Each structure stands twice: as structure tokens, then as C-alpha cells.
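Note sheet for the following structure.
Proteins get letters first, then strands, A, B, ... in listed order; numbering begins at 1 in each. Just so it is clear, the structure is predicted and the values come from calculations on it, not from any experiment.
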There are 4 protein chains.
Amino acid sequence: MRRTIIKESIDLFDKKGYSKTSIQDIVNSIGATKGTFYYYFNSKQELLRDIHLSYIQELLQEQEVILHDQNLTSKDKIRKLILLIIRKIRTHGKSARVFTREIRHLEEEHIQNVNSIKREFRLNFQKVLEDGIDKGEFRKDLRSDIVIFGILGMVNRSYNWYNPDGEVSEEELVDIYMDIIINGLKNKSEI
Amino acid sequence: MRRTIIKESIDLFDKKGYSKTSIQDIVNSIGATKGTFYYYFNSKQELLRDIHLSYIQELLQEQEVILHDQNLTSKDKIRKLILLIIRKIRTHGKSARVFTREIRHLEEEHIQNVNSIKREFRLNFQKVLEDGIDKGEFRKDLRSDIVIFGILGMVNRSYNWYNPDGEVSEEELVDIYMDIIINGLKNKSEI
Amino acid sequence: MRRTIIKESIDLFDKKGYSKTSIQDIVNSIGATKGTFYYYFNSKQELLRDIHLSYIQELLQEQEVILHDQNLTSKDKIRKLILLIIRKIRTHGKSARVFTREIRHLEEEHIQNVNSIKREFRLNFQKVLEDGIDKGEFRKDLRSDIVIFGILGMVNRSYNWYNPDGEVSEEELVDIYMDIIINGLKNKSEI
Amino acid sequence: MRRTIIKESIDLFDKKGYSKTSIQDIVNSIGATKGTFYYYFNSKQELLRDIHLSYIQELLQEQEVILHDQNLTSKDKIRKLILLIIRKIRTHGKSARVFTREIRHLEEEHIQNVNSIKREFRLNFQKVLEDGIDKGEFRKDLRSDIVIFGILGMVNRSYNWYNPDGEVSEEELVDIYMDIIINGLKNKSEI
DNA sequence: GATGAATGAGTTTTCATTCAT
DNA sequence: GATGAATGAAAACTCATTCAT
């Protein structure tokens with residue numbers, strides 16, 4: 001039941017937004033009553049926090065698997081990290097959107113909590129880039145923090161428009177992103 | 001007065017979010033009464049729509065100046081378009097954040113309206129890229145729609161973390177973005 | 001309207017108790033809506049606090065008039081103080097009962113506040129007794145603090161059973177209390 | 001278990017009040033579940049009634065022992081009756097406070113029931129006074145009903161402020177009360 | 001004896017909106 | 001132009017109670 005509530009809430013939060021989704025809406029759509037909701041959650045806020053924490057924690061765990069893989073070059077790791085994010089769109093697109101959109105509806109304390117995990121995720125990513133720079137895989141003249149913010153912006157925003165069932169597959173999307181990031185748009189054949 | 005209400009609302013919507021900001025909050029912070037609000041606006045919704053429309057319309061107009069400049073290469077135009085967006089952070093950061101965050105609180109009809117202008121802005125951007133490809137400025141093997149989504153994601157998300165008063169200037173930020181986009185990260189000196 | 005709400009609330013709190021009286025009950029009985037209630041009060045708690053504070057503050061003011069009357073002996077003052085309390089039963093019996101019964105439903109902070117005023121009232125009373133002892137009006141062998149607690153207990157509890165429209169008048173009731181307190185029950189004619 | 005529930009409830013009702021104590025609170029603090037509560041009690045109301053009835057019935061029984069003691073003068077009996085009440089503060093202070101404060105949360109029917117026992121207790125007390133008057137122990141010019149209300153008010157209210165572990169012992173407190181009641185405050189040495 | 005899930009009726013509170021003045 | 005009183009619909013939340021197991 002707890003699971004059902006979370007699942008349905010993510011659906012509704014994605015569709016209508018957190019603040020426009022009432023507890024009544026949630027329980028109506030699973031055929032339960034408000035009492036039931038409050039049997040499993042102390043507040044609407046707690047539900048939102050659960051959604052956020054379980055999302056980002058899972059993402060962080062999956063990131064760690066990639067980070068610890070000794071056989072990958074830095075470029076490979078970046079590719080896999082981008083794929084990790086894009087793949088979430090297909091498997092957990094709604095959660096992903098709720099996660100990015102509704103964080104401001106968390107109470108300050110929980111925001112801090114979630115943000116520190118997000119920060120860890122970002123810094124891990126940045127570390128991969130910096131390792132690649134050290135090893136000579138990437139150019140060293142660009143600020144790695146800003147590059148990572150840029151890459152994450154590019155990739156994360158896909159949640160807003162990317163349709164995994166459309167004409168571009170996950171792999172193709174990641175290829176394009178990687179290609180821009182690694183090689184840029186300049187037409188070198190010209191030279 | 002109307003102007004004052006809008007300005008204060010943007011501040012509050014940025015700080016607390018649209019749904020958590022009450023009309024009472026708005027009029028309190030400008031020392032007016034609810035009656036006054038409803039003298040100038042028919043509804044809270046109308047206020048939000050005004051904020052969105054005026055933001056995106058202004059952006060579109062500024063975009064058009066760039067598009068019609070005959071002296072610029074495609075690359076120059078892309079640079080100027082990116083600068084246009086980044087510059088908004090300093091001059092209209094709050095509006096920019098409200099614009100990206102609160103669109104979902106618009107009524108369906110206004111969302112359509114705003115989205116069609118956003119779409120126009122994006123397609124204009126894409127047209128610049130495609131012109132550059134045609135002229136041989138850029139490689140032709142990447143889907144331009146996705147590339148533009150990527151670039152906009154990268155640039156737009158700056159609202160979330162970029163501090164124009166920090167150690168990286170607007171111009172430097174745009175330089176970095178342009179460098180990635182045009183040249184990529186690969187270390188060519190290696191070759 | 002604010003006044004009407006307070007008046008009706010006192011009636012209802014007296015009749016049914018604070019926790020069993022809903023805002024709905026209050027506004028129903030004055031033909032208003034919940035919105036109206038919250039236009040005048042921020043919370044049910046604030047209403048209760050208002051009732052308590054205005055009651056005890058008024059009582060304290062009236063006490064001060066008596067305390068400062070230079071023409072009265074200590075015994076006269078005690079009599080007048082007792083009469084003050086008893087008289088409240090007729091004029092503000094409901095408030096008086098709400099005041100004694102519902103204080104525990106105030107939030108901690110307000111309880112403190114009210115209690116410190118109650119304390120002041122009691123200590124003022126005690127001072128009168130002690131002055132009388134110093135002047136030889138009363139015996140000096142009894143702890144004045146406990147005597148005052150006793151007197152106040154005796155007098156205050158009248159709220160629970162005394163009917164000012166019954167066969168014993170206010171003055172008669174005060175006479176009896178004064179007689180016990182000053183002269184005791186012992187049959188001296190015996191001696 | 002039943003006993004445990006009652007004991008814990010008295011604690012909580014004393015601390016937070018009947019209406020602010022939920023069944024959940026009660027069972028939480030004894031490590032049981034709501035099901036258990038309803039196995040032993042049909043309702044929260046029944047629990048409150050039990051607390052009230054057992055308290056007042058016990059008090060009445062103890063009163064009767066005193067009443068039937070042939071060796072005591074009326075004054076002795078009054079002293080013992082007052083001591084009976086004061087002593088309850090140490091042995092059953094919480095019950096005593098719950099008993100006085102929460103009676104209004106009983107349903108009408110049970111209030112009647114409890115009140116008729118309280119009435120019996122009071123009339124028994126009054127009877128002792130009247131016997132004393134008849135025997136010439138006490139003056140006959142004061143209404144015995146009101147005198148008893150006064151004495152009970154004085155004594156009962158001790159629940160509110162008297163600390164049996166403080167500097168005044170039970171016996172001393174009763175002495176003071178008795179002294180006021182029997183001899184009054186007037187300074188007779190003056191005459 | 002005891003439990004835990006579920007309920008539903010009720011509670012306080014919020015707030016966009018209206019409207020007479 | 002502006003106000004302030006009033007509204008009503010809906011929100012989050014509480015909790016005594018039921019009941020199958």
C-alpha cells in the first residue's frame with residue numbers, strides 16, 4: 001500500500017505538480033481514503049521527501065558502480081554517467097521530473113539534505129573529468145566545475161523534452177551528447 | 001502600482017514559489033490591500049500569465065535583433081544568443097527563474113501560448129545552427145534539433161547555479177560554453 | 001463582529017468546553033462563516049488567549065483600585081477583594097469559568113503569560129494580608145502564602161456552584177466567607 | 001494490562017489533558033497497540049468514566065470509615081475529612097487532578113452519576129458540620145451548605161499548587177486550614 | 001489476547017475572490 | 001482608485017473506532 005501510494009503520487013505530481021495534487025486526489029486514484037494515507041505517512045511533506053531521497057540515493061549508488069570500474073577510461077565513464085541519467089528517463093521519467101521540479105516544495109531541512117547528495121553526485125562527476133584531464137584525455141584549459149555544470153544542464157534537461165519512444169534511441173541521444181562534448185561542432189574537414 | 005505589484009510578485013514567486021505566495025503576501029509587502037490587487041488584475045493567474053508573456057516576448061524580440069544582423073557569422077550569432085540568455089541572469093534573474101519554474105502553474109491555455117513562443121525561440125536558434133551547417137561552419141552529421149535542445153539545456157540551467165557576481169564573468173562563462181560547443185573537450189595537442 | 005465572536009465563544013466554551021467547540025460551532029451560532037472567523041483571528045488559540053488575557057487584566061486593574069484606596073483597613077480590603085471576585089460571577093460568570101477551566105488549552109507561552117498575571121494578583125492579595133498582620137489586625141502565626149491560597153480556593157470555586165440569582169445574595173455570600181475567614185467557626189459563646 | 005492502561009492514561013490526562021491525549025499516545029507509551037486498548041475498553045469515554053468512578057467511589061468509602069467512627073468529635077471528623085482530601089494529593093495527585101479537571105469530558109449520563117456521588121460526599125461532610133452545630137461545637141449562625149462549599153473549595157484547590165514534597169507537610173497544611181476554619185484570622189490577643 | 005491496517009467523520013486553517021462603499 | 005469585510009470551497013491533518021486475522 002505504501003508503495004502504491006508513492007507510485008500514484010509520483011504520477012500525479014508529475015502530471016499536476018505537488019501543490020496542485022491533494023491527498024484526496026492521491027487516495028481517490030488508488031481507491032483508498034485519507035486515513036489510509038496518514039496511516040503510512042505522517043504528512044504530505046514526508047511523502048515528497050521519501051520520493052526525493054530514494055530517487056537521488058539510488059542514482060548515487062548507481063553512479064558509484066561506474067566510478068569504481070577500473071577498466072574504464074575517463075571518457076568511458078563520462079559516457080556511462082550520461083547514459084545513467086538518460087536511461088532514468090525511460091525507467092523513472094516521472095520520478096526524475098518530480099525530482100527536478102518539486103524540490104522547492106521540500107522543507108528547508110530536507111532541501112539541504114537532498115542538495116548535499118546532489119552535490120556529491122556532481123562532484124563525483126567532476127572528479128572523473130579532472131582525472132581525464134590529468135591523464136591527458138581532455139584539454140586542461142577549461143574550468144572543470146563549469147564544464148560539469150554545463151554537461152549536467154544539457155543532459156538533465158532532456159527530461160523536459162526527450163521521448164524515449166520517439167525516433168531517437170537512448171544510445172543515439174547519448175552519442176550526440178558525447179560527440180558535442182568531446183569533439184565539438186566545428187567542421188574540421190574544412191581545414 | 002501595477003508595475004509595483006508585478007515586481008514584488010516576481011520577488012516573492014522567486015523566493016517562495018507561486019503556490020506558496022498568497023495575494024495577501026504580495027499586497028502586504030507593498031503596503032496595499034487585496035482590493036487594490038484585484039483592481040489591477042482579474043486573478044492571480046492573470047498576474048502569472050503577464051509575468052510569463054512579458055518575459056518570453058522580450059526575449060524573443062531581443063533574439064530577433066541578433067537574427068537579423070547581416071554582419072554576423074552563424075557562430076557569432078550562436079555566441080550572441082547564448083550571451084543573451086546568460087545576461088538575463090544578471091538583469092532579470094528572478095524573472096528568469098520564475099519563468100522556468102512556474103510555467104506549470106499557468107492554466108492550460110496560457111501554457112500553450114507561452115510554449116509556442118518558446119518553441120519559436122528555439123526554432124529560431126536551430127535555424128541559425130542549420131544555416132551554419134549549410135555554410136560549412138559546422139559539421140553536418142549531428143541532428144540539429146537535439147543539439148539545440150542540448151545547448152539550451154546547458155545554458156538555461158545556469159539560472160540554477162550561476163552567480164554573476166562570482167569569480168566567473170558573464171563573458172567568461174559564455175566563452176567556456178562556446179568553447180565546449182564548438183571545439184569539444186578532446187585534447188588535440190595529443191595527436 | 002470581533003466582539004460578537006468573542007462573546008459567543010465564551011458562551012460555547014462555557015457550555016461545551018474549548019476542545020469540543022469547533023470554529024464551525026462558533027460561526028454557526030452567530031450566522032457567519034469560518035472565513036469571517038479567520039478574518040478576525042489568526043487561530044482558535046489566539047481567541048482563547050484573548051479571552052484569558054482580557055479577563056485577568058481587567059481583574060488586575062480592578063484589584064489595583066482597591067489596593068490604592070487609602071481609607072480602607074486591611075480587613076476592608078480583603079472584603080472588597082473577595083467581593084470583586086464574587087461579583088464577577090454575576091457579571092462575567094461564563095468568562096470566569098472559561099478562565100479557570102480552559103487555561104490548560106493555551107499554548108505554553110501564553111500559559112506563562114497568564115500565570116504571571118495571576119501570580120501578581122495573588123501576591124497583591126497576600127500583601128494586603130501581610131499588611132494587616134503587621135498592623136495587628138490579624139494573627140501572625142499562620143503562613144500568609146497558604147492562607148491566601150486557601151482563601152482564593154474557597155472564593156474562586158464559587159464559580160462552580162454559586163447562583164447569583166438564588167436565595168443567597170452576593171453580599172451575604174461574601175459576609176459568610178469573611179466571617180469564616182476572620183472569626184472562624186468555633187462557638188465562642190460556649191466559653 | 002487493563003491496570004497499566006489506566007495508570008498510563010491518568011499520567012497522560014494529567015500532563016496533556018483528556019482531549020489532547022489520543023489513544024495512540026496511550027498505547028505508544030506502554031508499548032501496545034490500539035487493538036489492545038479496544039480489547040480492554042469499549043471506548044475512550046469508558047476509560048475516563050472508570051477513572052472518575054473508581055476515584056470518587058474510593059474517596060466515598062474512605063469518608064465513610066471516618067463518618068462511622070464513634071470516638072471522634074465533629075471537629076475531629078472535619079479534620080480527618082480534610083486530611084483525607086489532602087493526603088490524596090500525595091498518593092493520587094494525578095488522579096485527583098484528572099478527576100477535577102476532566103469531568104466535563106464525560107458524557108452527560110456519567111457526569112450525572114459522578115456528580116451524585118460527589119453530592120453525597122459533600123452532604124456527608126455537611127452533616128458532620130451540622131452535627132457539630134447541634135452539639136454546640138460550632139456557631140449556628142452560618143449557612144452550613146455554603147460553609148461546606150467554602151471549605152471544600154479551599155481544600156480541593158490545593159491540588160493546583162500544593163507540593164507534598166515542599167516545605168509544608170500534609171499535617172501542617174491541614175493544621176493551617178483547620179485553624180482558619182475553626183478560629184479565623186482575627187487577632188484576639190488584641191482584645 | 002492482541003494486532004495492524006483501514007476508515008470516515010470531523011477539525012483547523014488557507015486563500016482567491018467578491019462587493020458595497 | 002482603493003479599501004476592508006466577508007465568503008466558500010478546498011486543503012492538510014487527526015483520531016476514535018472497527019474488524020479480519
Expressed as a whole number of angstroms, how long is the span from [X]:[atom1] to [N]:[atom2]?
X	N	atom1	atom2	result
C/F41	E/dT14	CZ	P	15 Å
B/I26	E/dC15	CD1	P	11 Å
C/E107	E/dT12	CD	P	14 Å
C/Y40	E/dT12	OH	P	20 Å
B/E46	E/dA16	CD	P	15 Å
C/N28	E/dT11	CG	P	10 Å

Inset, instruction - Not counting sequence neighbours, which residues clear side-chain hydrogen bond (donor to acceptor under 3.5 Å, both in side chains) with D/T21? List them please. - result: none
Inset, instruction - Hey, could you give me each pair passing salt bridge (Lys or Arg N to Asp or Glu O under 4.0 Å) that has a residue in residues 25-34 of chain D? Not counting sequence neighbours. - result: D/K16-D/D25
Inset, instruction - Using the salt bridge (Lys or Arg N to Asp or Glu O under 4.0 Å) rule, collect all pairs that involve residues 102-113 of chain C, keeping only residues at least two apart or in two chains. - result: C/E102-D/R104, C/R104-D/E102
Legend entry - Span that lies between the C1' atom of F/dT21 and that of E/dG1, in whole angstrom: 13 Å
Inset, instruction - Under the side chain to side chain contact (heavy atoms under 4.5 Å, CB included) rule, what do A/N115 and A/I103 come out as? Steps first, then yes or no, please. - result: CA-CA 9 Å; A/N115 274 341; A/I103 189 168; 3.5 Å; yes
Inset, instruction - Identify whether NZ of Lys or CZ of Arg in D/K88 sits under 6.0 Å from the centre of the six-membered ring of D/Y159 and within 45° of that ring's axis. - result: no
Legend entry - Given E/dT3, F/dG4, F/dT7, the nucleotide with the shortest approach to the side chain of B/T33: F/dG4
Legend entry - D/M1 side chain, from C-beta outward: closest of E/dA2, F/dA6, F/dG4: E/dA2
Legend entry - Interatomic spacing from CG in B/L106 to CD in B/E46 - rounded to 0.5 Å: 12.0 Å
Legend entry - Parallel, tilted or perpendicular: rings of C/H52 and C/F99 (30°, 60°): tilted
Legend entry - Nucleic acid contacts - residues 3-14 of chain D versus DNA chain F, non-hydrogen atoms under 4.0 Å: none
Legend entry - pair B/K15-B/K94: side-chain heavy atoms closer than 4.5 Å: no
Inset, instruction - Kindly give the heavy-atom pair with the smallest separation between A/V114 and A/L53, and that separation in Å. - result: CG2-CD2, 4.0 Å
Legend entry - Minimum-distance pair of heavy atoms, taken over all atoms of D/Y55 and D/S95: CD1-CB, 3.8 Å
Legend entry - Paired stretches of DNA chain E - 3 or more consecutive Watson-Crick or G-U pairs, each distance under 3.5 Å: E:2-21 with F:2-21
Inset, instruction - Count the heavy atoms of every other residue, nucleotide or ligand shown that sit under 6.0 Å from NZ of C/K7, and state whether that count exceeds 12. - result: no
Legend entry - B/S/- contact track for nucleotides 13-19 of chain F, protein heavy atom under 4.0 Å: BBBBBB-
